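This report refers to the structure that appears directly beneath it.
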Amino acid sequence: MGAVMGTLSSLQTKQRRPSKDKIEDELEMATVCYRPEGLEQLESQTNFNKSELQVLYRGFKNECPSGVVNEDTFKQIYSQFFPHGDASMYAHYLFNAFDAAQSGSVKFEDFVAALSVLLRGTIHEKLRWAFNLYDINKDGNINKEEMMNIVKAIYDMMGKYTYPVVKEDAPKQHVEVFFQKMDKNKDGVVTLDEFIESCQEDDNIMRSLQLFENVM
């Protein structure tokens with residue numbers, strides 16, 4: 001996935017590639033252990049065009065020759081981007097958000113679907129995706145413990161060498177402030193509607209959630 005991350009910037013160029021490369025891509029798709037959906041179908045389901053999907057697929061296949069990635073491999077790849085912190089727990093939660101079917105593995109389609117939302121989705125789509133990440137037990141609500149788990153995982157991932165230095169109780173303070181703002185009816189949980197409304201009303205919350213794009 002490191003190679004995939006490295007190719008994302010190249011998507012902005014949107015250069016046309018020779019038909020020979022396209023043929024090679026189709027042949028590669030036919031020979032991997034897991035064969036993803038056709039590029040035309042993925043193009044219709046995401047915000048990427050066919051050339052961009054080919055670039056992403058090459059990077060994904062380079063890191064995951066079998067065509068799927070399990071959680072352990074996902075963690076190993078992701079941890080390379082945060083050498084000064086412990087990214088294991090955040091990678092765990094992120095993996096579960098990518099693994100929409102909860103199958104224990106992330107396929108190319110899962111990966112592209114998530115990137116499509118995070119990189120090119122509407123504000124509403126991005127907020128729904130973020131809500132799903134926080135909703136660890138997938139019961140349709142976010143409780144304070146779930147929010148604390150995600151926020152602490154982010155702080156652990158960023159490491160102790162941040163500037164300015166983060167206080168030890170910073171995650172708890174962060175959660176207390178945000179949860180109080182989001183839980184509008186004070187019933188102890190944050191619904192999707194409360195989450196989206198709170199984020200759109202508060203610039204500080206919105207800026208905080210933009211961290212997702214930075215830690216991808």
Side-chain angles (χ1 to χ4, degrees), residues 1 4-5 8 42 45-48 56 69 71 74-75 77-78 81-82 85-158 166 170-216:
M1 210 155 301
V4 175
M5 303 299 179
L8 290 180
L42 288 176
Q45 295 172 344
T46 68
N47 297 314
F48 298 120
L56 288 170
V69 57
E71 183 173 338
F74 187 90
K75 286 181 178 180
I77 295 171
Y78 203 76
F81 296 92
F82 301 93
D86 181 0
S88 59
M89 282 310 300
Y90 185 74
H92 166 72
Y93 296 131
L94 190 62
F95 179 87
N96 287 341
F98 272 66
D99 181 17
Q102 302 299 297
S103 65
S105 63
V106 172
K107 302 184 295 293
F108 179 64
E109 296 95 323
D110 301 323
F111 182 69
V112 170
L115 283 186
S116 178
V117 171
L118 292 171
L119 297 180
R120 296 183 178 173
T122 65
I123 293 297
H124 193 271
E125 289 171 337
K126 291 181 179 182
L127 291 177
R128 287 183 66 92
W129 199 93
F131 179 88
N132 182 60
L133 176 68
Y134 275 96
D135 181 17
I136 296 173
N137 64 8
K138 309 306 178 192
D139 66 349
N141 297 300
I142 301 171
N143 59 44
K144 188 177 289 187
E145 181 181 359
E146 288 175 317
M147 186 176 288
M148 182 65 192
N149 287 340
I150 297 291
V151 171
K152 186 176 185 305
I154 292 175
Y155 275 90
D156 288 345
M157 176 178 63
M158 302 310 292
V166 175
K172 183 177 180 180
Q173 292 180 354
H174 183 119
V175 169
E176 289 293 339
V177 171
F178 279 15
F179 199 88
Q180 184 175 4
K181 289 181 179 180
M182 290 183 173
D183 184 14
K184 294 184 177 296
N185 63 359
K186 308 304 177 187
D187 64 349
V189 296
V190 175
T191 65
L192 175 62
D193 289 340
E194 287 176 323
F195 184 83
I196 292 176
E197 182 181 351
S198 299
C199 291
Q200 292 179 326
E201 287 177 349
D202 194 308
D203 289 340
N204 289 327
I205 296 178
M206 208 65 174
R207 281 194 295 270
S208 177
L209 288 174
Q210 287 175 352
L211 177 63
F212 291 116
E213 298 180 25
N214 296 330
V215 299
M216 275 300 302

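What you see is a predicted model, and the numbers here were worked out from it, not measured in a lab.
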field: Gln180 atom CD: more than 12 heavy-atom contacts under 6.0 Å
entry: no
task: Hey, could you give me the CZ/OG1 distance between Phe111 and Thr46, rounded to the nearest 0.5 Å?
output: 12.5 Å
message: Restricting to non-hydrogen atoms, name the atom on Asn47 and the atom on Arg120 that form the minimum distance, rounded to 0.1 Å.
response: O-NH1, 3.1 Å
field: Point-to-point distance, once rounded to the nearest 0.5 Å, from CG of Leu118 to CD of Glu125
entry: 10.5 Å
- line: The single option from Ile142, Ile196, Asp193, Thr191 that satisfies side-chain contact (heavy atoms from CB on, under 4.5 Å) with Phe131 is Ile142
field: Exceeds 12 heavy-atom contacts within 6.0 angstrom, atom NZ of Lys75
entry: yes
- request: For residues Glu194 and Val189, report the shortest heavy-atom separation together with the two atoms involved.
  value: OE1-O, 3.3 Å
Rounded distance [0.5 Å steps], CE in Met89 versus CG in Asp156: 9.0 Å
- prompt: Is it true that the side chains of Ser88 and Asp86 contain a donor and an acceptor less than 3.5 Å apart?
  reply: yes
message: Could you check whether any side-chain heavy atom of Leu42 comes within less than 4.5 Å of a side-chain heavy atom of Gln45, counting everything from C-beta outward?
response: yes
message: Taking atom CD as the centre, does Gln102 end up with more than 12 heavy-atom neighbours from other residues, nucleotides or ligands that are less than 6.0 angstrom away?
response: yes
field: Smallest separation among heavy atoms of Leu133 and Ala97, with atom names
entry: CD1-CB, 3.8 Å
- request: Rounded to the nearest 0.5 Å, what's the gap from CG on Asn96 to CD on Glu71? Could you check?
  value: 6.0 Å
query: Trp129 vs Phe98 aromatic rings, parallel, tilted or perpendicular, using cut-offs 30° and 60°?
result: perpendicular
- request: Just do the side chain to side chain contact (heavy atoms under 4.5 Å, CB included) check on Val151 and Phe178 with the steps written out, would you?
  value: CA-CA 11 Å; Val151 171; Phe178 279 15; over 6 Å; no
field: ring-ring contact (aromatic ring centres under 6.0 Å, His included) involving Phe179 - partner list, sequence neighbours excluded
entry: none
- prompt: Who passes side-chain contact (heavy atoms from CB on, under 4.5 Å) against Asp139, sequence neighbours left out?
  reply: Asp135, Asn137, Asn141
- request: Look only at the side chain of Asp183 and the backbone of Asp187, and say whether a donor-acceptor pair between them is shorter than 3.5 Å.
  value: yes
- line: Heavy-atom nearest pair, Glu146 first then Ile136, reads OE2-N, 3.1 Å
- request: Would you confirm whether Asp110, through its side chain, and Asp99, through its main-chain N or O, come within 3.5 Å as a donor-acceptor pair?
  value: no
message: Show, in sequence, the C-alpha distance, side-chain angles and deciding distance for Met148 and His174, and conclude whether the side chain to side chain contact (heavy atoms under 4.5 Å, CB included) test is met.
response: CA-CA 9 Å; Met148 182 65 192; His174 183 119; over 6 Å; no
task: Specify the closest pair of heavy atoms between Lys181 and Ser198, including all atoms of both residues, with the distance to one decimal.
output: O-OG, 3.6 Å
- prompt: Do the non-hydrogen side-chain atoms of Leu115 and Phe48 ever get within less than 4.5 Å of each other?
  reply: yes
- line: Here the gap from His92 atom NE2 to Leu94 atom CG, rounded to the nearest 0.5 Å, amounts to 11.0 Å
message: Between Glu176 and Lys172, is the salt bridge (charged side-chain N to carboxylate O under 4.0 Å, His left out) condition met? List the steps.
response: CA-CA 6 Å; Glu176 289 293 339; Lys172 183 177 180 180; 5.6 Å; no
query: Partners of Phe95 by ring-ring contact (aromatic ring centres under 6.0 Å, His included), sequence neighbours excluded?
result: Phe74
Met182 side, atom CE; Tyr134 side, atom OH - distance, nearest 0.5 Å: 7.0 Å
